[in-house]
2 protein chains.
Amino acid sequence: MAATLHDVAQLAGVSIKTVSNVVNDYPHVRTATRERVQAAIAQLGYQPNLSARTLRSGRSGVIGLVLPELSLSYFAELADAVIAQAELHGLVVIIERTGADRARELAVLSSPRMRMTDGVIFSPLGMGQADAHFLEVDFPLVLLGERIFGGPVDHVTMRNIEAARAATEFLLGSGRQRVALIGAHPDEDLGSAALRLEGYKEALASAGVAYDPELVRSTTLWHRANGAAATRELIDSGVDFDAVFGLNDALTLGVMRVLQESGRRIPEDVAVIGFDNIEEAEYAVPSLTTIDPGRELIAQRAVDLLVQQIGSGAQRPEHPTAETVGFEVIVRESAPA
Amino acid sequence: MAATLHDVAQLAGVSIKTVSNVVNDYPHVRTATRERVQAAIAQLGYQPNLSARTLRSGRSGVIGLVLPELSLSYFAELADAVIAQAELHGLVVIIERTGADRARELAVLSSPRMRMTDGVIFSPLGMGQADAHFLEVDFPLVLLGERIFGGPVDHVTMRNIEAARAATEFLLGSGRQRVALIGAHPDEDLGSAALRLEGYKEALASAGVAYDPELVRSTTLWHRANGAAATRELIDSGVDFDAVFGLNDALTLGVMRVLQESGRRIPEDVAVIGFDNIEEAEYAVPSLTTIDPGRELIAQRAVDLLVQQIGSGAQRPEHPTAETVGFEVIVRESAPA
DNA sequence: GTGAAAGCGCTAACAT
DNA sequence: ATGTTAGCGCTTTCAC
């Protein structure tokens, strides 16, 4: 049986409160007493029972991170950053996978498991704007991503439209005229895909290039395999193109793969730009020009906002903040300047 | 304030015990009573307080997964598999990053945070065989990886020697003679690197090919960048080689990148094989021939063993099992048959 | 089939 | 500066 505060108190010949004071670094403890207690703690190998502490104090020191899946590199790297940032605040992270499934996302929001945590960082991919009211929960919550705007919670997001516009302008600026876009989600009005498509259209318009729906290709999840498949369809359709904007990097690596299989040279025949700046983009062949959407900063701000909410004790922020972080075009070989 | 069992009991006009029985699906409750209780639960939006349940029952429903970092694709995909498997058992997963640092690995083992969980799956990368006794902890623990063998805990591992031997034999069998190995850890006697190096040597010996230390290159962590750097050194050294065995895929993608920069064709000039079968291996250019070490199976067995330990209630398994899962050579373009 | 009561280990008032 | 005491919300005997 593990030692309790009681055992330590008994061995040290003090009250349980004094032991608690020592454990919690309460300052007003005589040095002699403190040392006696510390000796007893060491002798018994005492470790505080966090469940009891949680029950009593209402704080678990655990936050939840809810995301689609870790095998998507973007989310793995995001999770890594969130865990590191949480650690700075003495928090550990429970990860819940939703598989981008709306029903599972809703279920997680109302599960007692999440109520056990001190707060949740939530990156939905299945829910949409109409589900905003489900975010009215009674625990601290920070929303990530582009599925829901103007909701009742703090929100951290990237500049999708501006970044996509910059990506497209970068391709047009390097002399390309027929820019294909891969990864659209036609049934979406919001969401990363819709926003990035909008940025793409804005760039075309402002450059005076006609929008050609033939050049826009849809996929479901942004996996390599889907990027590859969509590119095969694009090629088979016979439409002419000299550049590709892939809506995320994983997808775009699949795109590059198929372009090269088809004998096209990158960037000579087709320039390619991605979105996310995952680690492998730098080591792809050719290395992938892409958008760095500020993932580290997003993780940092999300944790900070959550910690702030937890600390405020308020049920919900009166004025939910909507923060956006900056982006950057990372120029590599697949689309030189 | 959230509703408690008490509130529900009062509203339903029954005792707290009866509510508890309903919540926990205890069979011997009259239907009428059950329905009344369920109505009260619904009306109050009651959700059990998991901290209280944990304190009382000694079970948290949380397991820990301790690993180097999630931005290494192998570990991200492993974590994804562990979380999915844990979910099947109704468990959630806390992820702790150690950065492959021995001190942090040891710290995690003795932290109260881990004692709060029902058990831990631990993948060390900094600890070594001499640290085996630190694994004698008083909570359920399953060890992954190749750093420590014969320890006092259940252990799930891959067939490093055999798989590395198979990889090397595959290259030799396709007519290569000068097989470089990248990613060695010279100061290791155990560990994935040492074991895979041993498999490499075995293959050379049994094929009657002399072992040339010039062909063996070290790196620290198996990141893309390190694979790239080691390959540059290999090339600069002027030594002759016609194949590369990279000790993991991430590293090997860096290798391929540099080989191609240097004007070498893969596989015509240099055949390349990796180890891990991460998702991007399939979409690399050229696609990467590699070893599938059975990651999914490892995750599955690890969780199952942990659940078994948790269920047994025993302090430690009397006869720790050491399980190995099978591997497979995945043939792709970088090293055809 | 249901109720009463004890107590898991801790923190937080309050008392001294 | 230290001790006493009352719960946090639940599960779990043990009655009835």
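All figures in this text were calculated on a predicted structure; none of them were measured in a lab.
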Could you go through the salt bridge (charged side-chain N to carboxylate O under 4.0 Å, His left out) check for B:Arg97 and B:Glu105 one step at a time?
CA-CA 9 Å; B:Arg97 289 166 15 117; B:Glu105 288 172 353; over 6 Å; no

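Applying the 4.0 Å criterion to OP1 and OP2 of D:dG3, one finds that A:Ser15 has a side-chain N or O inside that range.
Atom CG of A:Leu55 and atom P of C:dT11 are 11 Å apart (whole Å). Between the CG atom of B:Asp25 and the P atom of C:dG1 there is a distance of 16 Å, given to the nearest Å. Spacing between atom CZ of B:Arg34 and atom P of C:dG1 amounts to 11 Å, rounded to whole angstrom units. To the nearest angstrom, C1' of D:dC8 lies 13 Å from CG of B:Asp7. Rounding to whole angstrom units, CZ of residue A:Arg115 and P of D:dG9 are separated by 14 Å. Rounded to a whole Å, the CD atom of A:Gln10 is 14 Å from the P atom of C:dC10. Taking atom CG on A:Leu44 and atom P on C:dG9, their separation rounds to 14 Å, with Å as the unit.
For B:Glu136, the salt bridge (charged side-chain N to carboxylate O under 4.0 Å, His left out) test picks out no residue, with sequence neighbours left out. Under the salt bridge (charged side-chain N to carboxylate O under 4.0 Å, His left out) criterion, A:Arg53 pairs with no residue at all, not counting sequence neighbours. In terms of the salt bridge (charged side-chain N to carboxylate O under 4.0 Å, His left out) criterion, residue partners of B:Glu279 (sequence neighbours excluded) are, by chain and number, A:Arg224. Partners of A:Val307 according to the side-chain contact (heavy atoms from CB on, under 4.5 Å) rule, which considers only residues two or more places apart in sequence or in another chain, are A:His89, A:Leu91, A:Val303. In this structure B:Asp304 satisfies the salt bridge (charged side-chain N to carboxylate O under 4.0 Å, His left out) test together with B:Arg301, sequence neighbours excluded.
Distance from the side chain of B:Val29 is smallest to C:dT2 among D:dT2, C:dT2, C:dG9.
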Run the side-chain donor-acceptor check on residues 39-52 of chain B: report pairs under 3.5 Å with partners two or more places apart or on a different chain.
from	atom 1	to	atom 2	distance (Å)
B:Gln47	OE1	A:Arg115	NH1	2.4
B:Asn49	OD1	B:Ser51	N	2.8
B:Asn49	OD1	B:Ala52	N	3.0

Output side-chain donor-acceptor pairs under 3.5 Å for residues 139-147 of chain A, partner residues at least two apart or in another chain, one line each.
from	atom 1	to	atom 2	distance (Å)
A:Glu146	OE1	A:Ser192	OG	2.8
A:Glu146	OE2	A:Thr157	OG1	2.5
A:Glu146	OE2	A:Asn160	ND2	3.1
A:Arg147	NE	A:Met127	O	2.8
A:Arg147	NH1	A:Glu188	OE2	2.9
A:Arg147	NH2	A:Met127	O	3.2

Any chance you could list the contact pattern along nucleotides 10-15 of chain D? Use B for base contacts, S for sugar-phosphate-only contacts and - for none, protein heavy atoms under 4.0 Å, 5' to 3'.
BBBB--

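In this structure, a donor-acceptor pair under 3.5 Å is absent between the side chains of A:Glu323 and A:Thr321.
Direction change of the helix axis from one end of the helix from C:dG1-D:dC16 to C:dT16-D:dA1 to the other is 30°, with five pairs defining each end axis (rounded to 10°).
Using a 4.0 Å heavy-atom distance criterion, B:Thr33 is classed as a sugar-phosphate-only contact.
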